[in-house]
2 protein chains.
Amino acid sequence: MPSDTKENYLKAIYSLEENGEKISLSALSKRIDVSIPTVNNMVKRLQEEGWVIYEKYKPIILTDEGRKVASHIVRKHRLAEMFLVETMGLGWEEVHDIAEDLEHINSETFFNRIDEMLDYPKFDPHGTPIPDKNGKTVSQNYESLSAIEPGQSAVLRALDHEQKEFLVFLNKKNIALGTEIKIEEKEPFDESVVVAYDQFKNVVLTKDVCDKLLVEKVHK
Amino acid sequence: MPSDTKENYLKAIYSLEENGEKISLSALSKRIDVSIPTVNNMVKRLQEEGWVIYEKYKPIILTDEGRKVASHIVRKHRLAEMFLVETMGLGWEEVHDIAEDLEHINSETFFNRIDEMLDYPKFDPHGTPIPDKNGKTVSQNYESLSAIEPGQSAVLRALDHEQKEFLVFLNKKNIALGTEIKIEEKEPFDESVVVAYDQFKNVVLTKDVCDKLLVEKVHK
DNA sequence: ACAATAAGTTAGATTAGCCTAACAATAAAA
DNA sequence: TTTTATTGTTAGGCTAATCTAACTTATTGT
Ligand SMILES: [Mn+2]
Ligand SMILES: [Mn+2]
Ligand SMILES: [Mn+2]
Ligand SMILES: [Mn+2]
């Protein structure tokens, strides 16, 4: 088993892969906030231990073993987040940091029980899919709210960032997963939109926000 | 804040102090399973950082700050154990190892919520007191089952060891906290006892086991 | 095609936490 | 009171994970 540190590297590679971003040393360096030489050195070690494949100046690839470990960490992270929200009643904005620690807990018993108590959830509190024990995730086919045309409605299904500030912002606006949002108007100048949802009308959302809201179009 | 490693040293010193054992480098070394020179070196560092007081060839003492940190770790450990048993339904024999990891989680929110969900428990699943936020513990005044005379009864209140094998043994014997045990007979030769409890009669317990069962005498 | 920029590499160093081997001090036993 | 056993100390070394400074290779824009 790799150390917690190595688990974090594998997880970071896995996430970049999940988002279709290119996996360079510098991308990794930014993601885990560590100097490039450090990443360079660590990736070599991960390679020696069979978790990744890396050649000078080429992108980093997870081996099957590496992907298995990484998906297991991600699974534990997302199960933990779900547990913290559903069973313990914490807010979706406060669970990520705690899950960063919980994901490294090494106990099948603990996570099996969480999985069972939550009735085998497929998504975490931010709508992100939870990998199963074999690392498989249900594919999600959402589009960004920015892609929805005026007059159309869409249901919020997931977020593509889980920064505390963003989640607190959504709380303040009373937007949650499942909220049906109607695009009333689009301002061409700054690409902001006017939306309506639940009892709220004429709410303005910037493009930055819309980009991060992953929705499913409503066909009426 | 000290590192997880340092937290473990402080916790070990705290536990030895709690059991009234003398706190030497070699005792610590055995407790945390690390060489004596390593402990020696670490204790010096803990001293520099103000967590302990140590002079060559003298016993180690926690500073107020050190005791505060240590009791907080112990609090988190025991709260975690209680949560794993009471809320998650794990057995008292499987929670210690998981709690060894959970105790280092750094989230007031997480542990406050656990404390709240458990309705502010005073004892962990093994009957050991949980320090409050100020490090205070309710004093327990139990005696070992070995000290109970034939004909007398006593209620099991706590254990002074929580090795998995011991707890599994107690499960097999159907002995739990709260079980009222009557001493029927004492064998002088090997100090084993014959006891009765619930529907069970003529159960033989060795002195080794009785020593570890902390009870409260029943006055009838 | 070439200069500028971005990305990756190498070397050398540091800190935390651990070890063993050899030695010194204290406490316990004879 | 010596001897023996326990306990503590010092010295020297190791690995994991990090850093900065200086340099090299690749990519990009003109
Ligand atoms: Mn998260
Ligand atoms: Mn999440
Ligand atoms: Mn425990
Ligand atoms: Mn316990």
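Within every chain, numbering begins at 1; the chains are lettered A, B, ... in the order of the sequence lines, protein sequences first and strands thereafter.
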Nearest-Å distance, [atom1] ([X]) to [atom2] ([N])?
X       : N      : atom1 : atom2 : answer
B/Asn40 : C/dA22 : CG    : P     : 19 Å
B/Glu7  : C/dG17 : CD    : P     : 11 Å
A/Glu48 : D/dA16 : CD    : C1'   : 13 Å
A/Arg45 : D/dA17 : CZ    : C1'   : 6 Å
B/Leu25 : C/dA27 : CG    : P     : 14 Å
B/Asp33 : C/dG17 : CG    : P     : 17 Å
B/Leu28 : D/dG8  : CG    : C1'   : 13 Å
B/Asp4  : D/dA16 : CG    : P     : 19 Å

Indicate the atoms forming the closest heavy-atom contact of A/Pro131 with A/Pro129, along with that distance.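 Result for this residue pair: CD-O, 3.6 Å.
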
Nearest to the side chain of [X] - [options]?
X       : options                : answer
A/Val34 : C/dG8, C/dT26, D/dC19  : D/dC19
B/Tyr54 : C/dG8, D/dG8, C/dT10   : D/dG8
A/Lys56 : C/dT9, C/dG17, C/dT20  : C/dT9
B/Met42 : D/dG8, D/dT24, C/dG17  : C/dG17
B/Pro37 : C/dA25, C/dA21, C/dT10 : C/dA21

OP1 or OP2 of [N] sitting under 4.0 Å from any side-chain N/O of [X]?
X       : N      : answer
B/Lys22 : C/dA27 : no
A/Ser3  : D/dA17 : yes
A/Thr38 : D/dA17 : no
B/Tyr9  : C/dA16 : no
A/Ser26 : C/dG8  : yes
A/Lys6  : D/dA17 : yes

Taking side chain as C-beta onward, heavy atoms only, is A/Leu214 less than 4.5 Å from A/Arg157? no

Should A/Glu162 and A/Val95 count as side-chain neighbours, where that means a heavy-atom distance under 4.5 Å?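 Contact flag for A/Glu162/A/Val95 side chains = no.
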
Among A/Glu18, A/Glu100, A/Glu86, which residue satisfies the salt bridge (charged side-chain N to carboxylate O under 4.0 Å, His left out) criterion with A/Arg78?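 Single pass found, and it is A/Glu18.
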
Got a salt bridge between A/Arg45 and A/Glu48, using NZ or NE/NH1/NH2 to carboxylate O under 4.0 Å? no

Under 4.0 Å between any heavy atoms, over every strand shown, what does B/Ser35 touch: base, sugar-phosphate, or nothing? Just pick one.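 Base contact - B/Ser35 has a heavy atom under 4.0 Å of at least one base atom.
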
Please work out if B/Lys58 contacts a base, only the sugar-phosphate, or nothing of the nucleic acid, heavy-atom cut-off 4.0 Å. nothing

Parallel, tilted or perpendicular: which fits the ring planes of B/Phe83 and A/Phe83, with parallel below 30° and perpendicular above 60°? perpendicular

Considering Watson-Crick and G-U wobble pairs with both distances under 3.5 Å, what does D/dT3 pair with? C/dA28

Relative to the 5' end of DNA chain D, which residue comes earlier, B/Lys30 or B/Asn41, by the nucleotide with the nearest heavy atom?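 Nearest nucleotide further toward 5': that of B/Lys30.
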
